[in-house]
Amino acid sequence: MDKIYDHTKVEEPLYKEWEENGYFKPEVNPDGQPYSIILPPPNANAPLHFGHAMYVIEDILVRYHRMKGFKTLWVPGADHAGFETQFVFEKKLATEGKSRFDYDRETLYKMILEFVQGNRPVMEGQLKKLGFSLDWSRKKMTIDPEIVAIVYKNFKKLYDDGLAYRAKRLVNYCTFDGTSFSDLEVIHEERKSPLYYIKYGPLVLATTRPETKFGDTAVAVNPKDTRYQEYVGKELDIETVLGSAKIRVVADDMVDMEFGTGVVKITPAHDFNDFEVSKRHDLPLKQVIGFDGKMNEHAGEFAGLYVKQARRAVVEKMQEKGLIEKIDENYQNRVGLCYKCKNILEPLPLEQWFVKMEPLAKPAIEAVKNPSASSGQVKIHPKSFEKLYFQFLENIRDWNISRQVVWGIRIPAWYKVSGNEGRIAVSFIDKNGEFHPSQPIRQALEEGSSFEEIEKGIQRLRIPQYETEGNQPDIEISSTKPTDGLWIQDTDTFDTWFSSSQWPFATLMTSGENDYETFYPTSVMETGYDILRWWVARMVMMGIYATGKVPFKHVVLHGLVNDPLGKKMSKSKGNVVNPLELVDQYGADAVRFALVYGTALGNDQVLSYPKLEAARRFTNKLWNIARFIEMNKVSSIKYQVLSIEELKKMAIHENDKIWIEKVEKWTLQVTDYIDKYQFNLAADNLYENIWHGFADFYIEDVKQRIDPNSYVILNTLYIILLKILHPMMPFVTDEIYRKLTGSEKSLMIESWPII
RNA sequence: GGACCCGUAGCUCAGUUUGGUUAGAGCGUUGCAUUGACAUUGCAAAGGUCACAGAUUCGAGUUCUGUCGGGUCCACCA
């Protein structure tokens with residue numbers, strides 16, 4: 001044996017051997033109880049970050065259960081990551097002086113697909129370098145056709161059950177990225193927004209958005225407000241920057257009498273609260289900002305200006321006309337920003353697909369609260385995160401699952417536009433590249449455009465705008481294209497999280513024969529607490545909805561890994577540390593160990609180089625313990641597996657007996673800690689006892705008196721310690737195991753020392 | 001406005017679920033030893049009012065209440 005442990009010589013060949021021998025497959029324990037984990041699929045397009053390295057927790061659980069004899073399956077996968085990936089791709093296009101508008105839909109999709117497929121092996125290679133015992137023969141991606149088929153099936157089921165519906169609603173829309181988002185994706189930021197006090201006839205109201213006034217369809221006051229009683233229900237004649245106009249006054253509880261003047265302008269098309277008010281008072285929706293972020297024709301002379309420019313121009317004009325009473329320049333409010341490009345999001349009315357959440361949320365709450373829930377129970381670790389889970393589900397709003405991006409699973413809703421049923425008007429771009437807003441298709445056909453040309457125009461269009469004359473569009477939900485007549489498929493794609501919410505069962509239903517029957521519900525879902533609401537809660541909801549059973553029995557949540565200074569790692573800050581560089585430097589075992597050592601589950605941790613170095617030295621210590629044993633080897637004695645009980649019987653020296661009992665105790669403790677997901681305590685226990693117990697005292701003691709009897713005990717005890725350390729440090733333990741036992745078989749498929 | 005987490009050695013963190021000798025680790029600091037199985041390692045030392053104030057208890061780092069400080073999330077602000 002070399003004097004020093006060199007991980008670079010050991011890790012890669014060992015992983016290859018494990019994989020080639022099929023050790024990662026559940027079939028190594030064909031008769032065991034099933035134990036399964038679905039890997040949270042990393043973005044296929046991006047290299048791993050430290051959050052992914054935390055999946056070491058899953059590998060620990062998987063290796064531990066495999067050694068305990070469970071039929072263990074860990075399924076790898078990749079996420080197409082819809083908008084995220086398209087955003088990255090568009091940035092790449094931009095460096096080439098191109099944009100998404102230069103390509104039609106199919107071409108753009110194909111280009112992104114190629115881009116992603118080219119990058120995917122990077123991520124997968126990294127998971128292998130970390131030693132993860134994933135069954136690669138079962139790997140999946142969220143856009144695999146068989147997965148998409150399941151996603152479509154459940155979308156149809158939601159639709160048939162009245163839970164998926166299409167509606168024109170206000171959505172958070174990024175006019176730069178050209179797509180809407182769900183509530184969760186919006187980030188809020190404190191901004192200084194001047195508050196303008198504007199005269200509306202006899203009334204004065206305060207607003208931060210004077211440019212939206214063209215979309216006002218009422219003003220509102222609180223019904224209890226005695227100051228304005230006389231106006232309620234009346235129509236006011238007001239002077240505006242575009243001349244005189246009439247406006248209704250309504251009374252609504254939503255108005256805070258204390259704020260501003262107690263009078264609010266109601267702009268249903270551009271404000272979420274106002275939209276709600278408009279529904280209560282049956283007010284019309286008047287959109288004055290387009291999806292391109294510019295004022296539209298309703299804004300008169302201001303049409304064509306971007307929102308920011310329009311605000312300045314409108315205020316200037318108002319001041320000229322004496323319509324502004326005062327301006328509070330220091331007013332602070334929170335604005336919604338695009339989480340990707342940080343532009344201010346516009347609330348805009350758009351036909352979108354929504355999922356009704358309340359009926360889905362109820363059983364998901366039940367599944368965590370009630371141990372005897374009919375779906376089975378989900379337990380969250382650490383328990384403190386339950387509150388966050390309930391808080392989300394109890395206040396949940398309908399989920400906007402439409403995204404106006406190309407890279408994703410296209411929504412399988414078809415709209416009939418032919419014959420006498422052609423009730424749907426669609427904006428499209430004609431063969432000359434000219435934009436036809438909301439032009440009836442039939443008219444276009446009459447003007448000589450072919451259907452193919454129209455469809456192509458629609459595909460290239462940035463914002464699909466279906467407008468029905470009736471409330472119910474002529475819709476068909478299908479996974480295949482309808483054949484009769486002229487049909488247009490919805491141009492939107494699903495929110496990535498809509499497909500990922502179905503991941504646990506979609507993978508198992510398609511990964512192998514009987515996988516679903518055997519491994520669903522899965523045993524554990526382990527992920528970062530930051531996506532508890534985005535993903536975990538939605539998986540519980542969709543899992544119960546689609547299968548009647550919870551998707552997993554335990555949720556294990558890890559914290560974030562921050563940079564060495566404690567700051568959150570982010571590309572924009574430039575402080576991202578690549579976990580694979582550290583694997584090269586310290587070895588996978590050391591990186592794995594450092595990530596679980598010294599941090600309680602669910603807590604954030606600071607990336608610590610001293611800790612990594614300590615873990616690396618630990619691997620070296622393990623190596624040298626083995627070297628010592630090897631040097632004292634009694635060549636006539638062949639290694640054989642002996643239980644703790646057998647060792648106790650054969651022990652002669654009193655100290656040997658003591659150390660057998662100690663190792664027995666440690667084994668029980670480590671087992672218990674892993675069972676309770678207390679990995680930091682397991683790691684601490686192993687580090688402390690192996691180094692400062694076994695090595696510092698037992699070996700120092702036995703060194704003086706080694707004989708064949710003591711040698712066998714020493715060697716066997718060390719093998720037991722290697723076994724219980726193996727889930728955390730698979731490489732070095734397996735390598736040493738082979739050296740000390742001469743075994744051909746890997747430690748990873750040996751059995752856990754159960755006592 | 002609501003919720004959650006954190007505050008323990010110079011630094012980074014365990015320990016709090018289930019209250020019980022002298023509160024631990026890594027790194028750092030100081031001294032000694034060793035070329036040994038260990039590009040080291042071993043032994044030893046210094047270093048803690050466990051944020052603060054109350055309460056419960058025979059006993060509180062651990063349970064409860066409040067305060068202060070740091071962080072995160074949610075809601076929403078016309």
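Everything quoted here is computed from the prediction, not taken from an experiment. Here is how names work: the chains are called A, B, and so on, in the same order as the sequence lines, proteins then strands, and each is numbered from 1.
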Visitor: When rounded to the nearest Å, what value does the distance between P atoms of rC27(B) and rC74(B) take?
Guide: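 rC27(B) and rC74(B) have their P atoms separated by 38 Å.
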Visitor: Go through the steps for F390(A) and K369(A) under the test side-chain contact (heavy atoms from CB on, under 4.5 Å), then give the verdict.
Guide: CA-CA 9 Å; F390(A) 291 135; K369(A) 266 194 184 145; 3.4 Å; yes
Visitor: Can you tell me if R533(A) touches the phosphate of rC73(B), counting only side-chain N or O atoms and a distance under 4.0 Å to OP1 or OP2?
Guide: no
Visitor: More 5' along RNA chain B: D183(A) or K3(A), using each one's nearest nucleotide?
Guide: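 The answer here is K3(A).
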Visitor: Does N562(A) reach the main-chain N or O of V606(A) with its side chain, forming a donor-acceptor pair under 3.5 Å?
Guide: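 No, N562(A) side chain to V606(A) backbone: no donor-acceptor pair under 3.5 Å.
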Visitor: Can you tell me if D274(A) uses its side chain to pair, donor with acceptor, with the backbone of P268(A) under 3.5 Å?
Guide: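 Such a contact is absent between D274(A) side chain and P268(A) backbone.
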Visitor: Return the value, rounded to whole Å, for the distance between atom CD1 of I187(A) and atom C1' of rU72(B).
Guide: 15 Å
Visitor: What's the CD1-P distance between I699(A) and rU41(B), to the nearest Å?
Guide: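 Distance, rounded to whole Å: 15 Å.
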Visitor: Could you give the CG-to-C1' distance, from N680(A) to rU17(B), as a whole number of Å?
Guide: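 Distance, rounded to whole Å: 13 Å.
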Visitor: Determine, step by step, whether R209(A) and E346(A) satisfy the salt bridge (Lys or Arg N to Asp or Glu O under 4.0 Å) criterion, reporting the C-alpha distance in whole Å, the side-chain angles of both residues, the deciding distance to 0.1 Å, and the verdict.
Guide: CA-CA 11 Å; R209(A) 301 209 57 186; E346(A) 283 295 338; 3.1 Å; yes
Visitor: From the list rA78(B), rA3(B), rC38(B), which nucleotide is the closest neighbour of the side chain of L195(A)?
Guide: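 Shortest atom-to-atom distance from the side chain points to rA78(B).
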Visitor: Quantified in whole Å, what is the P atom distance between nucleotide rU65(B) and nucleotide rA23(B)?
Guide: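 Result for the P pair: 28 Å, nearest Å.
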Visitor: Among the candidates rA39(B), rC76(B), rC43(B), find the nucleotide nearest to the side-chain atoms of R397(A).
Guide: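 The answer is rC76(B).
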Visitor: Tell me the interatomic distance from N395(A), atom CG, to rC73(B), atom C1', rounded to whole angstroms.
Guide: 13 Å
Visitor: Does the base of rA37(B) carry an N or O that pairs as donor and acceptor with the side chain of E700(A) under 3.5 Å?
Guide: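 Answer is yes: a donor-acceptor pair is held.
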Visitor: Provide the distance between the two P atoms, one in rU8(B) and one in rG19(B), to the nearest whole Å.
Guide: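 Looking at atom P only, rU8(B) and rG19(B) are 24 Å apart.
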Visitor: Looking at W535(A) and W497(A), would you say the former's side chain and the latter's main chain have a donor-acceptor pair under 3.5 Å?
Guide: no
Visitor: Determine yes or no for a side-chain-to-main-chain donor-acceptor pair under 3.5 angstrom, with Q319(A) supplying the side chain and I324(A) the backbone.
Guide: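 Between the backbone of I324(A) and the side chain of Q319(A) there is no qualifying donor-acceptor contact (under 3.5 Å).
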Visitor: Taking the minimum atom-to-atom distance to the side chain of L681(A), which one of rA37(B), rG15(B), rC38(B) wins?
Guide: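 Of all the options, the side chain of L681(A) is nearest to rG15(B).
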Visitor: Taking rC11(B) as the reference, what is the distance to rA3(B) when you measure between their C1' atoms (whole Å, please)?
Guide: 31 Å
Visitor: In whole Å, what is the span from the CG atom of L721(A) to the C1' atom of rA37(B)?
Guide: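 Answer to the nearest Å: 16 Å.
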Visitor: With no hydrogens and no angle check, just 3.5 Å: does a side-chain donor-acceptor pair link N333(A) and S193(A)?
Guide: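 A pair is found: one side chain offers a donor N or O, the other an acceptor, under 3.5 Å apart.
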Visitor: Where the side chain of Q605(A) meets the backbone of L595(A), is there a donor-acceptor pair that is under 3.5 Å apart?
Guide: yes
Visitor: Any chance you could list the contact pattern along nucleotides 24-29 of chain B? Use B for base contacts, S for sugar-phosphate-only contacts and - for none, protein heavy atoms under 4.0 Å, 5' to 3'.
Guide: -SSS--
Visitor: Take E700(A) and K703(A) through the salt bridge (Lys or Arg N to Asp or Glu O under 4.0 Å) test and state the conclusion after the steps.
Guide: CA-CA 5 Å; E700(A) 288 307 318; K703(A) 201 184 254 180; 3.3 Å; yes
Visitor: With sugar-phosphate meaning primed atoms plus P, OP1 and OP2, does V264(A) contact a base, only sugar-phosphate, or nothing at under 4.0 Å between heavy atoms?
Guide: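 V264(A): base contact, heavy atoms under 4.0 Å.
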Visitor: Looking at rA78(B), rA37(B), rG42(B), which one has an atom nearest to any side-chain atom of D696(A)?
Guide: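 When the side chain of D696(A) is considered, rG42(B) is the closest of rA78(B), rA37(B), rG42(B).
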Visitor: Name the orientation class of the two ring planes belonging to Y5(A) and W623(A) (parallel below 30°, tilted from 30 to 60°, perpendicular beyond 60°).
Guide: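 Ring orientation of Y5(A) relative to W623(A): tilted.
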Visitor: Give a yes/no answer on whether the side chain of N620(A) brings an N or O atom under 4.0 Å of OP1 or OP2 in rU40(B).
Guide: no
Visitor: Under 3.5 Å, which protein N or O atoms sit close to an N or O of nucleotides 4-11 of chain B? Give each pair with its distance.
Guide:
residue : atom : partner : partner atom : Å
rC4(B)  : OP1  : K387(A) : NZ           : 3.0

Visitor: Give me the distance, rounded to whole Å, that separates rG26(B) from rA44(B) when you measure between the P atoms they each carry.
Guide: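 So the two P atoms sit 13 Å from each other.
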Visitor: Taking atom types as modelled and ignoring hydrogens, do the side chains of E84(A) and Y339(A) form a donor-acceptor contact shorter than 3.5 angstrom?
Guide: yes
Visitor: Taking only the side-chain heavy atoms of K703(A) (C-beta and beyond), determine which of rG42(B), rA37(B), rC76(B) contains the nearest atom.
Guide: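 Nearest nucleotide to the side chain: rA37(B).
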Visitor: Under the criterion ring-ring contact (aromatic ring centres under 6.0 Å, His included), which of Y597(A), W666(A), F694(A) is the partner of Y687(A)?
Guide: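 So, applying the ring-ring contact (aromatic ring centres under 6.0 Å, His included) to Y687(A) and each of Y597(A), W666(A), F694(A), only Y597(A) qualifies.
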Visitor: Roughly how far apart, to the nearest Å, are rG61(B) and rA51(B) at atom C1'?
Guide: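 Looking at atom C1' only, rG61(B) and rA51(B) are 12 Å apart.
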Visitor: To the nearest Å, how far apart are E211(A) CD and rA78(B) P?
Guide: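 From E211(A) CD to rA78(B) P: 12 Å.
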Visitor: For RNA chain B, what are the stems built from at least three Watson-Crick or G-U pairs in a row, each pair having both distances below 3.5 Å?
Guide: B:1-7 with B:68-74, B:10-13 with B:24-27, B:29-33 with B:41-45, B:51-55 with B:63-67
Visitor: Check the side chains of S182(A) and E185(A) for a donor-acceptor pair under 3.5 angstrom, ignoring hydrogens and angles.
Guide: yes
Visitor: Does R169(A) make a cation-pi contact with F354(A) (under 6.0 Å, within 45 degrees of the axis)?
Guide: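 Yes, R169(A) sits over the ring of F354(A).
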Visitor: Can you check the Y529(A) OH to rU72(B) C1' distance for me, whole Å?
Guide: 6 Å
Visitor: Using whole Å, what does the distance between atom C1' of nucleotide rU17(B) and atom NZ of K379(A) come to?
Guide: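 It is 14 Å, rounded to the nearest whole Å.
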Visitor: Using the C1' atom on both, measure rU30(B) against rC68(B) and round to a whole Å.
Guide: 36 Å
Visitor: Please state the P separation for the pair rC76(B) and rG2(B) - nearest whole angstrom.
Guide: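 Nearest-Å result for rC76(B) against rG2(B) at atom P: 16 Å.
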Visitor: Base, sugar-phosphate, or nothing: which does Y331(A) touch, judged by heavy atoms less than 4.0 Å apart?
Guide: sugar-phosphate
Visitor: Could you please name the option among rU41(B), rC38(B), rC76(B) that lies closest to any side-chain atom of N273(A)?
Guide: rC76(B)
